[in-house]
Every structure is written in C-alpha cells, then in structure tokens.
Amino acid sequence: NTNSTTKNVKRFSFTLTQNPTAKKAGSNQLTISTNNTTDGYSSASGVQAMSMTVREAKSLYGFLDSQFGSSESTDI
C-alpha cells in the first residue's frame with residue numbers, strides 16, 4: 001500500500017514515496033533524480049539519484065526556506 005507522487009522539472013525529477021501503514025522509520029522517502037537534457041546540464045555518467053527520508057527532506061526544506069525565504073515562488 002504505497003503512494004508515489006512525482007514532480008518533473010527540466011533537470012530533475014522529485015519523487016515522494018509514502019507508505020501510510022508502515023511504522024518503520026525511513027519508510028517514507030524523497031528521491032531526487034537527474035533528467036538527461038540537451039542543454040549541457042546532463043550528467044556525464046547518465047541519470048543519478050539521491051534518496052532521503054521525509055524527515056531529512058523537511059530539514060532540507062527548512063534550510064532552503066531560511067536561505068531563500070518563503071516569499072519566493074515555488075512554481076517552476
């Protein structure tokens with residue numbers, strides 16, 4: 001019983017995977033993957049990905065919000 005949501009932008013894909021019935025720490029994950037592009041920003045070794053727990057993602061969000069402020073647009 002896993003739910004997955006993906007947001008794609010030009011260079012990255014963000015996938016949030018949640019298991020609402022799992023009680024194990026780390027069962028909810030955010031994965032950030034690179035997308036191959038034709039504008040010179042693609043990874044030399046192909047698609048790369050980084051995964052983190054939702055708790056780590058919220059910490060990253062808090063850090064980015066403190067640096068850029070919540071007044072910045074989140075629409076891409």
Side-chain angles (χ1 to χ4, degrees):
N1 189 15
T2 302
N3 301 326
S4 182
T5 305
T6 300
K7 167 79 174 180
N8 292 303
V9 294
K10 186 175 184 177
R11 294 178 46 205
F12 299 99
S13 293
F14 305 95
T15 303
L16 180 62
T17 306
Q18 296 178 297
N19 186 340
T21 59
K23 302 296 183 201
K24 185 178 178 184
S27 61
N28 299 321
Q29 294 279 316
L30 172 70
T31 303
I32 303 171
S33 304
T34 59
N35 293 330
N36 288 326
T37 63
T38 59
D39 60 5
Y41 288 109
S42 61
S43 171
S45 61
V47 175
Q48 297 182 357
M50 174 183 161
S51 292
M52 63 185 80
T53 65
V54 170
R55 175 179 270 176
E56 292 166 332
K58 287 180 179 180
S59 178
L60 174 61
Y61 174 82
F63 169 74
L64 293 174
D65 188 52
S66 72
Q67 298 303 307
F68 298 115
S70 59
S71 64
E72 295 290 325
S73 173
T74 57
D75 295 331
I76 297 178

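Both backbone and side-chain heavy atoms feed into the values below; hydrogens, waters and symmetry mates do not.
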**Student:** Could you work out, with side chain to side chain donor-acceptor pair (under 3.5 Å) as the rule, every residue matching T6, not counting sequence neighbours?
**Tutor:** T15
**Student:** Applying side chain to side chain contact (heavy atoms under 4.5 Å, CB included), can you list everything that pairs with T5, at least two apart in sequence or on another chain?
**Tutor:**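 Listed in chain order: nothing, the list is empty.
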**Student:** Drop me the distance from R11's CZ to T34's OG1, to the nearest 0.5 angstrom.
**Tutor:** 9.0 Å
**Student:** Can you list the residues that meet the side chain to side chain contact (heavy atoms under 4.5 Å, CB included) rule with T2, with sequence neighbours excluded?
**Tutor:** T17, N19
**Student:** Taking atom CG of L16 and atom OG of S4, what is their separation to the nearest 0.5 Å?
**Tutor:**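 These two atoms lie 7.5 Å from each other.
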**Student:** Give me the atom names and distance for the closest heavy-atom approach of I32 to F12.
**Tutor:**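 Result for this residue pair: CG2-CD2, 4.0 Å.
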**Student:** Does anything in residues 24-33 form a side-chain hydrogen bond (donor to acceptor under 3.5 Å, both in side chains)? List the pairs, not counting sequence neighbours.
**Tutor:** T31-S51
**Student:** Can you list the residues that meet the side chain to side chain donor-acceptor pair (under 3.5 Å) rule with T53, with sequence neighbours excluded?
**Tutor:** E56
**Student:** Measure the CZ-CG distance between R55 and L60 for me, rounded to the nearest 0.5 Å.
**Tutor:** 15.0 Å
